[in-house]
Trainee: 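So that we are looking at the same thing, I have put the structure below in structure tokens.
When a ligand or atom number is given, it counts from 1 through the structure's own listing order.
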Amino acid sequence: MALDPARAVADLDDLRELTGDENGAQRVAWTGTWETARDFLRQKLAGTGAVEEIDEAGNQWFTLRGSSDRALLIGGHMDSVPNGGWLDGCLNVLAGVEVVRRIAAEGTPPVTVRLVSWADEEGARFGRSLFGSSAAAGSMADQDELRQRKDLDGIALPDALREHGVDLDRALEARKQLANAAAYLELHIEQGPVLESMDLPLGVVLGTFGVERHQITWKGQAAHAGSTPMDKRRDALAAAAKLALEIRPIAAEVGNGAVCTSGNVVCRPGIVTSVVETAEQLLDQRHLDAESLARLLSLAQEASERFAAEEDVEVSWDRIWNIEPILFDERLIELADEAIREVCGTSHRLPSGPLHDAAEVARAGIPTVMIFVQSLRGLSHTKLEDTKAEHLELAVQALDRLASKALATLSA
Ligand SMILES: [Zn+2]
């Protein structure tokens, strides 16, 4: 049985019919619709000989035994955000189904092949993304906090998980699933505008951005808007505004894809008749290179000191969150590049702004790579999310080629 990319696209359409409505995909993790999607996946793999197992974190595995225990993993996530798109997550899984069908039809593979649908990638119900993959990767360190989390209806996370057979206290036991993993492949929609703007169907992902998130607090002096001369003001907003503009030349100077966003400024007292006393500014900085990310941060901090002096205000920085850049495997990046060139002539290498399950797997030390397929208008997490059918078929072909190349490498 040869690879049939159109069948994978038809499966995606069927899944959309089964688990979506007029507002989009409704496969939120730990719900009945998610179970319906998992059952759909089970049915699609029946007859391939792949053996199903659901691990302690709720990840759904299908294992095609090979001549060796070393395993090639192909993964994605069946869950979606509420009113989500028809491709985010499940494209990778259903393209993986097609690849598993092709491999199974050719007899026993040289190494074991495993398809995984990670549990709760989106974190839509409880606000905790990458649940299943972080448990398997061993990086889940927030179980105490997770125990306290509740959904909008007041249902606690551990109770919701228990209804789906998952005991939060045992989730980290999923770690043994990665014991023999030798490579991990993930195909995903880009969810951004880069490939479309270059008129390319497919690209290789180099890794996921490192992120620095800070709250910057500027403190000046509230003063009457009428009686305070312009040169006597200690205006916290003026300093914040200077920084909001300065991050553009800083991003340009550091370059290589650097992005910086001043996402909000909250002013107090926040009335039209007073100079701003306190401005709380949010800053998000991202880069694929750790040194460049550190430089983005230090340049912004230096600039803030300068603006504080100019405006005669005080400035302080508090880190909200950070994560280091996670780089994918160079050898697999080469193989993915080759696979893409073979199916559509031209490849492109790009970083990923969003985090993915692949980042968790890579953090666990397993050689990992992702392929992106173009997203129309760069939209995702909405029912408007879409990709041309011909590009989806190319994506399935590229994943299949990559899987073949990875299998050849692993069995050599
Ligand atoms: Zn996704």
Side-chain angles (χ1 to χ4, degrees), residues 8-9 11-12 15-16 19-20 24-31 33-34 37-38 40-41 57-60 73-97 115-137 184-196 202-209 211 323 326 328 336 350-363 368-387 391-392 395-396 398-399:
V9 179
D11 286 346
L12 284 162
L15 181 69
R16 167 152 69 173
T19 59
Q26 307 298 346
R27 297 183 302 276
V28 176
W30 322 113
T31 66
T33 307
W34 180 59
R38 280 151 55 101
F40 176 87
L41 179 59
N59 301 312
Q60 190 179 16
L73 311 186
I74 300 172
H77 59 96
M78 292 301 271
D79 72 303
S80 74
V81 295
N83 304 326
W86 70 300
L87 298 170
D88 182 0
C90 57
L91 166 63
N92 350 347
V93 183
L94 293 178
V97 168
L115 179 67
V116 56
S117 171
W118 300 109
D120 203 359
E121 191 271 350
E122 300 286 2
R125 185 168 166 193
F126 293 100
R128 169 54 154 91
S129 307
L130 308 176
F131 178 89
S133 54
S134 68
Y184 176 78
L185 315 178
E186 186 172 327
L187 163 68
H188 207 281
I189 51 169
E190 184 198 339
Q191 304 176 289
V194 174
L195 292 172
E196 187 182 36
L202 299 166
V204 186
V205 186
L206 295 165
T208 56
F209 274 150
V211 183
I323 188 168
I326 296 165
F328 293 154
L350 72 168
S352 172
L355 281 172
H356 290 286
D357 293 309
E360 288 290 353
V361 180
R363 276 220 277 187
T368 293
V369 75
M370 292 184 77
I371 291 178
F372 274 168
V373 62
Q374 186 190 111
S375 290
L376 291 172
R377 293 153 294 164
L379 295 176
S380 186
H381 285 192
T382 153
K383 67 175 177 181
L384 299 175
E385 174 187 289
D386 206 3
T387 295
H391 289 173
L392 292 174
V396 177
L399 179 66

Trainee: Can you tell me if an N/O/S atom from Asp88 lies under 2.8 Å from the Zn ion (ligand 1)?
Mentor: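 Yes.
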Trainee: In chain order, what residues pass the salt bridge (charged side-chain N to carboxylate O under 4.0 Å, His left out) check against Glu360, with sequence neighbours excluded?
Mentor: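 Glu360 satisfies salt bridge (charged side-chain N to carboxylate O under 4.0 Å, His left out) with Arg363 only.
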Trainee: Is there a side-chain contact between Asp386 and Trp86 in this structure, where contact means two heavy atoms from C-beta onward sitting under 4.5 Å apart?
Mentor: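 When only atoms from C-beta onward are counted, Trp86 and Asp386 do touch, with a gap below 4.5 Å.
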Trainee: Under the 3.5 angstrom rule, does the side chain of Arg27 hit a backbone N or O of Leu15 as a donor-acceptor pair?
Mentor: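 Side chain of Arg27 to backbone of Leu15: no pair is present.
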Trainee: Can you check whether Trp118 reaches Val361 side chain to side chain, under 4.5 Å on heavy atoms?
Mentor: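 Contact flag for Trp118/Val361 side chains = yes.
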Trainee: Would one find an N, O or S atom of His356, in either backbone or side chain, under 2.8 Å from the Zn ion (ligand 1)?
Mentor: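 Within the cut-off used here (under 2.8 Å), His356 places no N, O or S atom near the Zn ion (ligand 1).
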Trainee: Given atoms NE2 of His77 and NE2 of His188, what angle do they subtend at the Zn ion (ligand 1), to the nearest 10 degrees?
Mentor: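 Taking the Zn ion (ligand 1) as the apex, I get 120° for this pair.
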